Amino acid sequence: MSQRKRSKGLGCSQLPDGEDDFIPTQVERRSQEQVNQKVSELVQFLLVKDQKKIPIKRADILKNIIREYRDVYSEIIKRADRTLQEVFGLQLVEIDVKRHMYILINNLPCAEGEHLCGGKEKEKMGLLLVILSFIFMKGNSVKDSALWEFLHQLRVYPGKQHSVFGDVRKLVTEEFVRQKYLETTAIPLTDPPEFKFQWGPRAENETSKKDVLNFVAKMQGKDPKFWASQYSEANKATT
Amino acid sequence: MSHTGKPGGSPPASRRRRSRPPQGQERAAGEAAEEEEEAAAEEEAAADERFRQLSIGDGDDREHNRMIRSQYRELISTVQQNREAMLNSKSNRLTEALEEANRLFDGVCRAREAALDAHFLVIASNIGKEKASELHSEMSAFDSTAFAEDLLTFMGINRTEVEETDDSEDVPDGFLPTDAWQKIGEASSKYFRRAPTFHYMMGSFKSEPPVPKQRIERQKKASRGKAERAMPAQLKKMEESHQEATEKEVERILRILQTHFEDDPDTPISFFDFVIDPNSFARTVENVFHVSFLTRDGLAKIKLDEDELPVIEPIKPSEAGEEDSRDGARNQVVISLNQKEWKEIIEVFQIREAMITPPYQTTEEEMETE
């Protein structure tokens with residue numbers, strides 16, 4: 001898998017104190033052991049918090065783990081990210097620089113088969129990929145009515161309990177949105193209010209337009225170049 | 001509307017600019033200078049006219065304005081309701097609506113109606129933006145219906161069977177197997193760089209186990225308590241009986257000894273005669289045991305006579321004090337007796353009866369003397 005351009009790098013968000021310049025000396029003030037301890041705690045915290053796939057807020061990290069070590073926050077975060085990468089093959093990504101939210105993504109190429117997924121995780125990812133494909137192929141933004149019309153053809157109805165997904169409307173408009181896989185915004189001046197769906201920051205980090213286009217091409221048995229504008233857009237994103 | 005920098009712009013000039021938005025942008029720069037002069041002259045005229053309009057009686061104006069407002073509202077609601085139809089690229093309805101609004105604007109002379117016009121403009125431009133974005137995405141046409149069909153095929157739909165459904169509107173025929181979405185899920189996992197969720201293998205530490213333990217402890221304590229309560233009572237009884245039995249027995253033997261000695265105060269009783277019970281070896285041993293208590297407590301003494309045979313005699317209470325003070329008055333002796341010896345003694349000393357009667361016999365017999 002080729003290197004991807006990450007939308008946000010780590011450590012580029014500044015603490016309100018703006019003490020980036022003073023970090024080297026303050027690291028010395030605290031013993032290496034103490035800082036290492038905090039790094040380990042943070043790694044554990046992130047792994048557990050990621051279970052629900054809801055982005056982790058910096059405020060939670062500060063309150064529960066960092067506490068009085070605020071001054072070396074960015075150092076701890078950097079080291080935790082390194083540990084996650086070297087030990088678990090995961091990466092810590094800041095998806096919202098303004099509101100300071102993090103997610104964990106997988107750094108390793110996905111192995112075929114043998115996935116320990118509990119519950120309905122696999123099927124939900126399948127539905128998500130279908131939705132993301134539809135959104136991308138339709139120009140990166142679709143109206144909710146258009147999306148439901150499309151899912152209707154796949155026997156998935158917003159008003160009806162689905163045998164696999166249950167309350168699909170809740171899954172799509174709440175769960176996927178909270179996990180930042182999808183983003184939903186209201187279309188102004190519509191009555192009754194309509195929404196549009198776009199890719200969320202987690203989707204942008206965990207997959208790519210190129211991958212999604214390949215999926216569509218595979219399903220339809222066509223070459224990805226068949227859709228010229230989508231193809232060019234997908235390739236533009238990876239450079 | 002005011003790209004030439006004019007603040008208000010008389011109605012005729014602005015209308016001209018509105019109806020040709022695409023070309024207007026390019027030519028405006030060149031024409032700006034000319035138009036400005038033109039419009040300046042027009043503006044003066046229009047301003048005079050407007051002033052004249054305003055100074056017309058209020059009655060006419062109110063009716064006129066109300067009509068304009070209702071027409072605007074009608075236009076806005078029409079546009080909103082037929083939004084879908086307007087978005088159709090083949091439809092010219094948006095342009096028609098714009099022209100209608102332009103016409104209405106001629107009669108607008110107050111801010112209130114102008115506000116409605118502005119409202120309409122915002123709605124119309126939103127629709128315009130949507131139409132434009134739809135144009136873009138249709139460049140490489142994506143047939144979502146075909147995509148859906150292909151997905152269903154991948155999921156393993158069985159098109160030969162016709163499924164009976166309640167809502168059979170636009171649902172393609174065919175029976176979808178239960179693992180349909182699992183198939184898609186399997187295929188999709190390699191497209192996501194999703195971090196596997198972290199779970200403790202032995203589960204998280206829960207507070208439930210301690211609760212049953214407490215209950216068990218309580219139960220144990222409860223049962224133990226009862227048992228303990230029962231035990232002391234029993235134990236006391238037992239101890240009392242033991243102690244009582246021994247003490248009573250020792251006393252009884254002492255009485256027997258004293259009784260025998262009263263008859264013949266100067267002759268000590270042969271030890272063997274006294275303790276041995278020819279009928280039971282066990283009782284003999286018991287007698288020796290009880291007699292040892294007497295000697296220990298200083299109530300009887302055993303000594304050797306001329307024949308070097310042990311004899312026993314009770315100690316008078318008056319002598320007790322003197323005896324205790326004497327040094328070396330007390331010796332420890334270990335007497336061993338086995339059944340063979342016991343039988344021999346019985347034969348040698350011709351002991352036919354036990355002097356110490358067995359405990360369970362009546363008191364009358366105890367008082368018997370030979």
Side-chain angles (χ1 to χ4, degrees), chain A residues 1 47-48 50-51 53 88 90 103-108 110 112-113 115-118 121-130 133-134 137-139 141 150 152-155 157 160 163-165 187-191 205-207 211-212 214-216 218-221 226-231, chain B residues 76-77 80-81 83-84 87 119 122-123 126-127 130 133-134 136-155 157 163 165-167 169-172 174 176 178-200 204:
Chain A
M1 219 179 259
L47 286 170
V48 173
D50 188 59
Q51 283 174 359
K53 294 294 169 189
F88 296 96
L90 303 175
I103 57 165
L104 287 182
I105 61 165
N106 204 336
N107 236 1
L108 301 171
C110 205
E112 284 282 350
H115 289 280
L116 303 160
C117 299
E121 204 180 290
K122 255 196 218 133
E123 286 128 317
K124 282 186 192 170
M125 297 310 284
L127 177 66
L128 180 68
L129 183 61
V130 166
S133 314
F134 179 71
M137 298 302 278
K138 279 288 191 188
S141 173
F150 170 67
H152 192 93
Q153 294 173 323
L154 295 170
R155 319 289 180 83
Y157 316 104
K160 195 168 145 192
S163 56
V164 176
F165 302 115
I187 301 174
L189 298 170
T190 47
D191 187 38
N205 275 292
E206 287 193 11
T207 187
D211 284 331
V212 160
N214 286 336
F215 172 71
V216 174
K218 181 175 150 187
M219 286 294 124
Q220 299 220 256
F226 178 76
W227 298 275
S229 64
Q230 283 92 336
Y231 182 76
Chain B
I76 287 169
S77 79
Q80 277 181 327
Q81 277 169 18
R83 196 193 170 90
E84 289 300 322
L87 285 172
H119 185 59
V122 172
I123 296 173
N126 265 329
I127 297 178
E130 266 191 67
S133 63
E134 293 217 349
H136 163 80
S137 64
E138 275 178 33
M139 256 199 280
S140 300
F142 175 65
D143 189 350
S144 55
T145 311
F147 181 50
E149 292 278 329
D150 290 329
L151 284 171
L152 287 169
T153 313
F154 184 81
M155 289 196 241
I157 192 170
E163 193 186 340
T165 46
D166 298 327
D167 49 344
E169 17 161 296
D170 301 325
V171 176
L176 209 59
T178 39
D179 67 341
W181 283 102
Q182 233 185 350
K183 285 211 191 92
I184 297 268
E186 288 277 353
S188 67
S189 53
K190 72 168 184 171
Y191 292 95
F192 285 102
R193 290 178 17 152
R194 189 171 153 112
T197 44
F198 175 85
H199 294 283
Y200 291 98
S204 57

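First the proteins, then the strands, lettered A, B, ... as listed; each starts at 1. Here the structure is a predicted model, which is why all the values come from computation and not from measurement.
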**Asked** Is there a side-chain contact (heavy atoms from CB on, under 4.5 Å) between A:Asn107 and B:Arg193 once you walk through the steps?
**Response** CA-CA 7 Å; A:Asn107 236 1; B:Arg193 290 178 17 152; 3.7 Å; yes
**Message:** If I measure from the heavy atoms of chain B, does A:Lys218 come under 4.5 Å with its side chain, its backbone, both, or neither?
**Reply:** side chain
**Complete:** The interface call for B:Ala146 against chain A, heavy-atom contacts under 4.5 Å, is both
**Message:** Is the shortest side-chain heavy-atom distance between B:Leu176 and B:Leu152 below 4.5 Å?
**Reply:** yes
**Request:** Report yes if some heavy atom in the side chain of B:Met155 is under 4.5 Å from a heavy atom in the side chain of A:Leu154; otherwise report no.
**Result:** yes
**Complete:** Under 4.5 Å to a heavy atom of chain B? For A:Ile187 that would be side chain
**Request:** Sort out for me which of B:Asp179, B:Thr178, B:Leu151 touches chain A most, counting heavy-atom pairs under 4.5 Å.
**Result:** B:Leu151
**Complete:** Rounding to 0.5 Å, atoms CZ (B:Phe192) and CE (A:Met125) come to a distance of 4.0 Å
**Asked** Is there a side-chain contact between B:Trp181 and A:Arg155, using heavy atoms and a 4.5 Å cut-off?
**Response** no
**Request:** Could you look at B:Thr153 and say if it's the side chain, the backbone, both or neither that has a heavy atom under 4.5 Å from chain A?
**Result:** neither
**Request:** Select, from B:Ala148, B:Ala195, B:Ser188, the one with the greatest count of heavy-atom pairs under 4.5 Å involving chain A.
**Result:** B:Ala195
**Fill in**
Per-residue tally against chain B (heavy atom, under 4.5 Å) across A:Ile103, A:Val130, A:Val164 peaks at A:Val130
**Item:** Residue B:Phe154 versus chain A: region with a heavy atom under 4.5 Å
**Value:** side chain
**Prompt:** Given side chains that start at C-beta, do those of A:Gln220 and B:Asp143 come closer than 4.5 Å, heavy atoms only?
**Reply:** no
**Prompt:** How about A:Phe134 and B:Phe147: are their ring centroids closer than 6.0 Å?
**Reply:** no
**Prompt:** At a heavy-atom separation under 4.5 Å, does B:Gln80 approach chain A through its side chain, its backbone, both, or neither?
**Reply:** side chain
**Prompt:** Checking A:Leu90 against chain B: side chain, backbone, both or neither under 4.5 Å from a heavy atom?
**Reply:** side chain
**Message:** Given heavy-atom pairs under 4.5 angstrom as the criterion, report whether the side chain, backbone, both or neither of A:Phe165 touches chain B.
**Reply:** side chain
**Side chain A:Ser133, main chain A:Val216, donor-acceptor under 3.5 Å** = no
